[in-house]
> 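Before anything else, here's the structure in question.
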Amino acid sequence: MVDHLSNTIDTLLDRTIVLGYGNVGLAVRRHLAGWPADPPRMDGKVVLVTGATSGIGLAACQGFARLGASVRALSRDQRRAEDAVGEIRRAVPGSDARGVACDVSSLEELRSFAQRFKAAEPRLDVLVNNAGAMPDHREHSVDGNELMFATHVLAPFVLTSTLGELLARSAPARVINVSSGGMYNQSLPGEDLQSEHTGYGPKKLYARTKREQVVITEQWAERLKGTGVVVHAMHPGWVDTKGVQEAMPVFLMLTRPIIRTPEQGADTIVWLGAAPEALESTGKFWHDRRPRPTHYLLGASEDTPEDRQKLWDLCSSLSRP
Ligand SMILES: NC(=O)c1ccc[n+]([C@@H]2O[C@H](COP(=O)([O-])OP(=O)(O)OC[C@H]3O[C@@H](n4cnc5c(N)ncnc54)[C@H](OP(=O)(O)O)[C@@H]3O)[C@@H](O)[C@H]2O)c1
């Protein structure tokens, strides 16, 4: 009876969006029956977080460091990675944090980073693909790929692929892809996977790549079954970060009273990286420590197997050296 009531409240929060995605959602859920226990210590585990210089990525690094994990904070620039390490150590004195550099939108940088990482690190227990961007006009990576596609879809694809063996050797291991609730409004775009034939709207294309990221998560989860590596996606809700301040100032003004802190936004990332419950399944889409549907009745249409295959094939062919 109590569980049923808790589930109903949790679902209502999710469907209202405003309450569920803001800080009210997290505050209420924490007090519901069945809220999963806080994650255990992670001493001896190595966690790599992309986009670690600010916002949710930095908060996730600090959360993992608090649990005793060794944290590798990735930025596109070594100096800024070191700044992030300084922030992590200020929050968690004595933590084992190191900065690593890679522009994750560049395929060549991803490959050479993965080589360096494998040479330097004997294990990798958690990979968090968190780096994200929403440019206000169409931009391309050095390889000519649409920038958000390169950052949100190709980068997680390549890091999962190139670091897959190291993750499997460290099993049980986890990959966590940071997506967005915005993806509920976007379907897979059929042939136009990099949205080159779609008028540029930052929010629309951002959400589309976040849908693609969730599909790629499910596909990797399927392929890595039996290796001891689980692959999950999550969405953090609405979080006050540099990204939102720069790309969506009006949204920030409107949501100011309820918007989450980066630490609240990172809660489910850290939980997924450490909690034993996250190893019981793979390929799920999480929010506030619970798996969520990937489609709602009034949102985007279901993906077809053909469109899913096209996405996988494109990522495979683009990421081939
Ligand atoms: N905030 C929200 O409400 C919200 C909601 C849903 C999902 N998300 C997702 O959460 C993740 C983190 O975003 P955030 O809100 O915390 O924003 P943020 O503070 O702007 O953080 C984004 C991070 O990604 C890094 N990054 C971007 N492109 C990169 C590249 N090519 N190579 C290496 N690093 C790169 C940024 O580094 P630079 O500073 O060097 O650019 C920064 O560290 C993103 O994936 C975002 O889509 C956020």
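As the structure lists them, so they are numbered: ligands from 1, and atoms in each ligand from 1. If you're wondering where the values come from, they're calculated on a predicted model, not measured in any experiment.
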> Any atoms of ligand 1 less than 4.0 Å from a non-hydrogen atom of Arg80? List them with their elements.
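With Arg80 as reference, the close atoms of ligand 1 come out as 38 (P), 39 (O), 40 (O).
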> Within less than 4.0 angstrom of ligand 1, does Ser106 place any heavy atom?
no
> Any ion pair linking Asp288 and Arg290 (charged N to carboxylate O, less than 4.0 Å)?
no
> If you round to the nearest 0.5 Å, how far is CG of Leu32 from OG1 of Thr8?
10.0 Å
> I'd like to check whether His152 has a polar contact with ligand 1, where a contact means an N/O of the residue lying under 3.5 Å from an N/O of the ligand.
no
> Side chain, backbone, both or neither: which applies to Val104 and ligand 1 if a contact is any heavy-atom pair less than 4.0 Å apart?
both
> Look at ligand 1 and say whether Ser179 reaches it with a heavy atom at a distance under 4.0 Å.
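The answer is yes, since Ser179 has a heavy atom less than 4.0 Å from ligand 1.
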> Does Leu74 reach ligand 1 with a nitrogen or oxygen that is under 3.5 Å from one of the ligand's nitrogen or oxygen atoms?
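N/O-N/O distance under 3.5 Å: no.
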> Distance from Thr282 atom OG1 to Leu224 atom CG, nearest 0.5 Å?
7.5 Å
> If you measure from each non-hydrogen atom of Met134 to ligand 1, which part falls under 4.0 Å: side chain, backbone, both or neither?
neither
> Would you call Thr50 a ligand 1 contact, heavy-atom distance under 4.0 Å?
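Flag not set, Thr50 not near ligand 1.
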> Using a 4.0 Å cutoff against the non-hydrogen atoms of Gly55, which atoms of ligand 1 qualify?
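Answer, ordered by atom number: 16 (O), 19 (O).
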> Report the distance from atom NZ of Lys284 to atom OG1 of Thr294, rounding to the nearest 0.5 Å.
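Reported value, rounded in 0.5 Å steps: 9.5 Å.
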> Students should be able to answer this: which protein heavy-atom is nearest to atom 29 (C) of ligand 1, and at what distance?
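Ranked first by proximity to atom 29 (C) of ligand 1 is Arg76 NH2, 3.4 Å.
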> List the closest protein heavy-atom neighbour of atom 3 (O) of ligand 1: residue, atom name, distance to the nearest 0.1 Å.
Val239 N, 2.8 Å
> Can you list the ligand 1 atoms lying under 4.0 Å from a non-hydrogen atom of Val244?
1 (N), 2 (C), 3 (O)
> Would you say Lys242 and ligand 1 have an N/O pair spaced under 3.5 Å apart?
yes
> Provide the number and element of each atom of ligand 1 under 4.0 Å from a heavy atom of Trp238.
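Ligand 1 atoms under the 4.0 Å threshold to Trp238: 3 (O).
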> CZ/Arg123 to NZ/Lys45 distance, rounded to the nearest 0.5 angstrom?
5.5 Å
> Any idea which protein heavy atom is nearest atom 5 (C) of ligand 1, and the distance to it?
Gly237 O, 3.2 Å
> Does Trp238 reach the side chain of Val18, with side-chain heavy atoms less than 4.5 Å apart?
yes
> Is the closest side-chain heavy-atom distance between Asp307 and Thr304 below 4.5 Å?
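Result yes, sub-4.5 Å side-chain heavy-atom pair found.
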> At what distance is the nearest protein heavy atom to atom 14 (P) of ligand 1, and which residue and atom is it?
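Minimum-distance protein heavy atom for atom 14 (P) of ligand 1 reads Thr241 OG1, 3.4 Å.
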> Ring centroid separation for Tyr184 and His295, is it under 6.0 angstrom?
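No, the ring centres sit 6.0 Å or more apart.
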> Counting only heavy atoms, tell me which of Ser54, Cys102, Gly51 gets closest to atom 33 (C) of ligand 1.
Cys102
> Within the 4.0 Å heavy-atom shell around Ser105, which atoms of ligand 1 are there?
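So the answer, numbered in order with elements, is 31 (N).
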> Between Arg289 and Glu277, is there a side-chain N and carboxylate O pair less than 4.0 Å apart?
no
> Going by the order shown, which atoms of ligand 1 are within less than 4.0 Å of some heavy atom of Ile56?
1 (N), 10 (O), 15 (O), 16 (O), 48 (C)
> Are the charged groups of Arg90 and Glu87 less than 4.0 angstrom apart, N to O?
yes
> Under 3.5 Å between any N/O of Thr53 and any N/O of ligand 1: does that happen in this structure?
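Yes; at least one N/O pair falls below 3.5 Å.
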> Give the residue, atom name and distance (to 0.1 Å) of the protein heavy atom nearest atom 34 (N) of ligand 1.
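That would be Ala131 CB, 3.9 Å.
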> Which pair of non-hydrogen atoms, one from Pro236 and one from Val239, has the smallest distance, and what is that distance?
O-CG2, 3.8 Å
> Note the single closest protein heavy atom to atom 45 (O) of ligand 1, along with its residue, its atom name and the distance in Å.
Asn130 O, 2.7 Å
> Quick test of your reading of the model: are Arg308 and Glu222 salt-bridged, counting only N-O distances below 4.0 Å?
no
> Are the ring centres of His232 and Phe285 closer than 6.0 Å?
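Ring-ring flag for His232/Phe285: false, centres at least 6.0 Å apart.
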> Decide whether an N or O pair under 3.5 Å exists between Ser180 and ligand 1.
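No; the residue has no nitrogen or oxygen that sits under 3.5 Å from a nitrogen or oxygen of the ligand.
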> Under a 4.0 angstrom heavy-atom cut-off, which atoms of ligand 1 come close to Asp103?
30 (C), 31 (N), 32 (N)
> Starting from atom 47 (O) of ligand 1, find the nearest protein heavy-atom neighbour and note its residue, name and distance.
Tyr206 OH, 2.5 Å
> Using a strict threshold of under 4.0 Å (side-chain N to carboxylate O), is an ion pair present between Asp10 and Arg29?
yes
> Relative to ligand 1, is Pro236 under 4.0 angstrom through side chain, backbone, both or neither, heavy atoms considered?
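Only the side chain of Pro236 comes within reach of ligand 1.
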> Side chain or backbone of Lys210 under 4.0 Å from ligand 1, or both, or neither, by non-hydrogen atoms?
side chain
> Closer than 4.0 Å to some heavy atom of Val178 - which atoms of ligand 1 meet that?
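Those of ligand 1 that fall under 4.0 Å from Val178 are 9 (C), 10 (O), 11 (C), 45 (O).
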> Output yes when the distance from some N or O of ligand 1 to some N or O of Gly181 is under 3.5 Å, and no in every other case.
no
> Are any of the side-chain nitrogens in Asp267 or Arg260 under 4.0 Å away from the carboxylate oxygens of its partner?
no
> Is the shortest side-chain heavy-atom distance between Arg72 and Asp96 below 4.5 Å?
yes
> Identify whether the distance between the nearest side-chain nitrogen and carboxylate oxygen of Glu191 and Lys310 falls below 4.0 Å.
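Yes, Glu191 and Lys310 are salt-bridged.
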> For Gly132, is at least one N or O under 3.5 Å away from an N or O on ligand 1?
yes
> Report the relative orientation of the aromatic rings in Trp312 and Phe157; use parallel for angles under 30°, tilted for 30 to 60°, perpendicular for over 60°.
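Geometry flag for Phe157 against Trp312: perpendicular rings.
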> Report the nearest protein non-hydrogen atom to atom 20 (O) of ligand 1: residue, atom name, distance rounded to 0.1 Å.
Gly243 N, 3.1 Å
